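All remarks here apply to the structure that follows.
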Amino acid sequence: MENLTDLQQLLAQYKQREAELERSEARLRMAIASANLGTWDYKPLTGELTWSDECKHLYGMAPEAEINFELFTEHIYPADRDVLELAMKRAMDPLGDHIYDITYRIIRFDSPEVRWLRAQGKVYFNKLQEPERFIGTIVDQTQAKLAEEKSAKLAAIVESSDDAIIGKNLDGVITSWNPAAERLLGYTEKDVIAKHITMLIPEDRLEEEDLILERIRSNKKVEHYVTFRVTKAGLEIPVSISVSPIRDVNGVVIGAAKIIRNNAHQKETEARLLRYAENLEVLNALGKVISERMDVSDILQKVTDATTRLIGAAFGAFFYNNVTEAGESYMLFALSGAPREAFERFGIPKNTDLFHPTFTGERIVRADDITKDPRYGQNSPFFGMPEGHLQVVSYLAVPVISKSGLVIGGLFYGHPEPAKFTREHEQLVSGVATQAAIALDNTKLYEEIRKLNDKKEEFIGLASHELKTPVTSLSGYLQILNRSLPDTDRNKPFLQKALLQVKKLSELISDLLDVSKIETGQLPLSFSNFNITQIVQETIELIQYSTKTHQIVLQQPEQEIIISADKQRIEQVIVNLLSNAIKYSPYEKLVNVAISVVHNEVRVAVQDYGMGILKEHQERIFSRFYRVEELASHISGLGIGLYISKEIITRHHGKLWLDSEPEKGSTFFFEIPLNT
């Protein structure tokens with residue numbers, strides 16, 4: 001009895017641990033799903049790479065798409081490939097810590113969009129100290145990177161601001177302090193960080209801080225509050241204060257940003273803040289526009305217009321870097337603030353000493369009075385500004401450089417008055433130029449991919465169309481010869497085999513034409529009402545007549561099943577499914593076909609007892625030109641029949657799927673709506 005009791009206790013403990021393990025696994029799956037984590041598994045010894053659906057989603061792949069290590073590396077951003085390769089080598093070094101943690105860029109599979117990803121993983125070694133498995137997770141870091149860039153831009157603006165800008169937490173402790181605050185109040189950053197804000201407030205005004213923090217905690221602003229503050233020298237100065245809540249990514253208030261203005265300069269400061277707000281609005285709008293557009297001229301015009309307005313230039317121009325047979329030259333691509341004729345009649349700018357730093361990407365050039373620059377007026381034939389040229393005194397030129405280091409061109413700005421452009425304007429235009437360069441790179445890549453894809457589709461369509469005519473003629477001639485030869489002629493069997501092969505070639509050409517039509521959205525459908533049971537029967541009779549190795553058994557309801565569909569295309573799907581069932585069950589003789597009605601849908605099922613398909617291939621087999629490697633070596637085909645079939649059923653507002661188990665066979669189903 002005691003042994004039985006002990007055994008029961010052990011069994012109970014085992015069940016409890018098993019339940020805990022299941023709960024842990026469920027929590028892990030939920031955590032991964034909620035965190036939008038992708039998972040990957042790489043086997044360095046075999047080169048096999050497996051991605052989760054979320055991982056594929058991050059890379060812009062469909063769940064059914066196939067991935068391998070070569071495809072993975074092709075879509076790593078070129079500038080990051082060496083860094084990633086080095087990180088992988090270090091992780092797979094038996095003497096290292098086997099940890100992998102890297103942030104890198106990718107170019108998505110479905111678009112030229114560049115995304116930032118962070119991959120973390122670990123390498124596991126076998127007894128021979130060989131890297132056997134390399135597994136880990138991946139998460140999108142794009143928004144974080146964009147936030148970093150935005151934060152850096154805002155930090156640059158705060159750093160260069162003439163206004164005192166102070167950050168504090170909800171307890172009133174100072175967390176940030178810009179140079180303007182030091183100039184206004186006399187304290188250095190080291191003097192005030194981690195100190196309480198009340199050190200700046202006169203004793204008779206301490207209650208103001210409680211009122212301000214109360215409004216901030218309530219997610220409210222304090223605007224243009226006139227008061228006094230104390231400098232390091234002990235002087236009370238009149239100031240105007242504006243305070244705004246600082247929120248985290250979830251919108252929760254975590255602190256406050258305070259702008260302190262000397263009232264003596266209130267008007268100037270208000271105008272400057274308004275300009276900052278307008279600049280940020282323009283920058284945000286411009287960033288959205290250039291990230292969405294895929295037209296080069298449109299992007300450059302938007303950039304030129306926006307930056308000309310941002311910096312207050314009288315006019316702005318973008319010169320595109322163009323290399324001709326005669327050597328390097330530059331042509332006007334976009335212009336803002338002046339008519340195109342104002343530049344075109346003066347010809348293409350030369351790569352003079354003044355323009356050279358911009359056109360070579362060497363540096364930004366800014367001058368309060370360009371006419372006093374030693375490089376100005378040194379080149380023929382004009383030796384300065386030609387007669388009739390727009391008057392330029394203030395001058396700013398910023399190169400636009402791609403990520404690869406190639407100089408795309410330059411942004412040039414002018415104003416007839418001196419000292420109109422500042423360091424802040426340089427930073428603004430430089431930041432926009434960087435965004436524009438990325439957008440132009442993406443646009444160029446998109447155009448190249450689109451052109452290649454168009455050429456591919458054009459080739460498939462043209463080749464298939466051109467092959468159709470001679471193959472049809474060849475089939476006709478062979479049929480004439482076949483009818484003219486007596487059955488006793490020894491060449492008759494060879495002629496019939498030739499006819500069979502020509503028929504297969506004709507069907508293949510038809511499939512390729514269908515693929516081309518699908519890709520261009522021109523697959524025609526002609527709808528009519530018909531009895532699908534009759535079509536299935538006739539198709540089975542046709543296939544049964546052409547095969548002597550298999551028996552096709554049909555199970556059907558007694559009543560007619562009327563649908564509205566393209567009769568020829570539905571027959572094409574049924575032929576494809578039956579042909580596949582016979583092709584992939586060479587050692588079995590039975591194929592079952594069943595017709596049924598399920599929830600106002602007609603369902604057709606084709607079942608074989610052949611090779612079956614592994615789970616990881618079951619979604620991918622509906623992709624264009626996809627073939628299962630284990631089967632492709634000894635069974636002919638291009639892998640487009642199921643792709644065409646799925647497109648046909650999808651365009652009938654239906655669905656096509658399968659249920660399969662290796663070595664036990666497969667059942668393919670399709671459903672389309674009844675004609676109600």
Side-chain angles (χ1 to χ4, degrees), residues 62-64 511 514 518 523-544 547 550-585 588-615 617-624 626 628 639-662 664-676:
E64 67 272 12
D511 283 347
D514 281 347
I518 289 170
L523 183 69
L525 293 178
S526 178
F527 284 78
S528 63
N529 294 334
F530 59 90
N531 182 4
I532 190 172
T533 304
Q534 181 181 349
I535 293 300
V536 174
Q537 289 173 337
E538 292 173 356
T539 306
I540 289 175
E541 290 175 4
L542 174 67
I543 299 297
Q544 187 69 79
T547 179
H550 289 71
Q551 180 183 4
I552 305 173
V553 177
L554 173 62
Q555 181 182 350
Q556 66 186 65
E558 295 181 359
Q559 73 276 17
E560 290 186 342
I561 303 176
I562 304 299
I563 62 171
S564 177
D566 187 312
K567 186 176 180 180
Q568 182 180 354
R569 292 297 183 183
I570 295 300
E571 181 180 357
Q572 182 180 351
V573 172
I574 299 168
V575 168
N576 183 266
L577 296 182
L578 286 172
S579 299
N580 281 350
I582 293 171
K583 185 191 301 184
Y584 290 102
S585 58
E588 300 293 336
K589 307 304 179 186
L590 181 62
V591 174
N592 291 324
V593 180
I595 307 174
S596 59
V597 175
V598 181
H599 303 303
N600 208 35
E601 306 266 340
V602 60
R603 176 183 293 178
V604 177
V606 178
Q607 179 184 24
D608 66 65
Y609 299 91
M611 303 173 182
I613 303 170
L614 291 171
K615 191 72 175 177
H617 298 298
Q618 290 182 15
E619 284 298 324
R620 302 176 189 173
I621 61 171
F622 296 107
S623 302
R624 185 178 53 167
Y626 182 82
V628 180
I640 57 177
L642 287 175
Y643 167 73
I644 295 171
S645 297
K646 185 155 189 175
E647 285 292 327
I648 291 172
I649 296 301
T650 300
R651 295 185 185 212
H652 281 82
H653 306 290
K655 59 181 180 178
L656 173 63
W657 75 100
L658 80 154
D659 182 13
S660 182
E661 187 175 345
K664 292 187 178 181
S666 305
T667 303
F668 282 81
F669 304 86
F670 74 82
E671 286 182 353
I672 53 176
L674 286 171
N675 185 18
T676 57

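Every value quoted in this text rests on a predicted model; they were computed, and no experiment measured them. These values consider heavy atoms only, across backbone and side chains, with no hydrogens, waters or symmetry-generated copies.
In summary, of the residues considered (Leu578, Val591, Leu577, Val593), a side-chain contact (heavy atoms from CB on, under 4.5 Å) with Ile543 occurs for Leu578 alone.
Residues Ile621 and Leu658 meet the side-chain proximity criterion, which asks for heavy atoms closer than 4.5 Å. Contact annotation: the side chain of Phe527 approaches that of Ser564 to within less than 4.5 Å [non-hydrogen atoms, C-beta and beyond]. Within the 4.5 Å cutoff, the side chain of Ile613 has no heavy atoms near those of the Tyr584 side chain. Residues Gln534 and Val536 are not in side-chain contact: their nearest non-hydrogen atoms beyond the backbone lie 4.5 Å or more apart. Considering only heavy atoms from C-beta on, Phe668 stays 4.5 Å or farther from Asp659 through its side chain. In this structure, the side chains of Ile563 and Pro673 stay at 4.5 Å or more apart for every pair of heavy atoms. Put simply, the side chain of Val573 reaches to within 4.5 Å of the side chain of Ile649, judged on heavy atoms. Looking only at side-chain heavy atoms (C-beta outward), Ile570 and Ile672 come within less than 4.5 Å of each other.
The local environment of CD in Gln559 is crowded, with over 12 non-hydrogen atoms from other residues, nucleotides or ligands closer than 6.0 Å. More than 12 heavy atoms of other residues, nucleotides or ligands shown are found within 6.0 angstrom of NZ on Lys589.
Of the possible donor and acceptor atoms, none in the side chain of Glu64 sits under 3.5 Å from a partner among the backbone N and O of Phe622. Side chain of Asn531 to backbone of Ile561: a donor-acceptor contact under 3.5 angstrom is found. Side chain of Ser660 to main chain of Gly665: a donor-acceptor pair is present (N/O by atom type, distance under 3.5 Å, no hydrogens or angles).
Residues Gln568 and Gln572 have side chains that never bring a donor and an acceptor to within less than 3.5 angstrom of each other. One side chain, Gln556 or Gln537, offers a donor N or O that lies under 3.5 Å from an acceptor on the other.
Considering CD of Glu538 and CD1 of Ile535, their distance stands at 5.0 Å, rounded to 0.5 Å. In this structure, CG on Asn576 lies 12.0 Å from OG1 on Thr539, to the nearest 0.5 angstrom. Taking OG1 of Thr667 as the reference point, atom CH2 of Trp657 lies at 11.0 Å (rounded to 0.5 Å). Taking CD of Gln551 as the start and CD1 of Ile582 as the end, the distance is 11.5 Å to the nearest 0.5 Å. Separating the CG atom in Leu542 from the CD1 atom in Ile552 is a distance of 9.5 Å, to the nearest 0.5 Å.
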Under the side-chain contact (heavy atoms from CB on, under 4.5 Å) rule, what do Ser585 and His550 come out as? Steps first, then yes or no, please.
CA-CA 9 Å; Ser585 58; His550 289 71; 3.4 Å; yes
Applying salt bridge (Lys or Arg N to Asp or Glu O under 4.0 Å), run through Arg603 and Glu671 and close with a yes or a no.
CA-CA 4 Å; Arg603 176 183 293 178; Glu671 286 182 353; 2.6 Å; yes
Apply side-chain contact (heavy atoms from CB on, under 4.5 Å) to Phe669 and Val604, showing your working.
CA-CA 6 Å; Phe669 304 86; Val604 177; over 6 Å; no
Give the intermediate values and the outcome of side-chain contact (heavy atoms from CB on, under 4.5 Å) for residues Ile644 and Lys646.
CA-CA 5 Å; Ile644 295 171; Lys646 185 155 189 175; over 6 Å; no
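Ring centroid separation for the pair Phe670 and His652 does not come in under the 6.0 Å cut-off.
In summary, Lys567 and Glu571 do not engage in a salt bridge, as defined by a charged side-chain N under 4.0 Å from a carboxylate O.
Across Leu590 and Tyr609, no two heavy atoms sit closer than the pair O-CD1, 3.5 Å. Of all the heavy atoms in Thr533 and Ile595, the pair that sits closest is CA-CD1, 3.9 Å.
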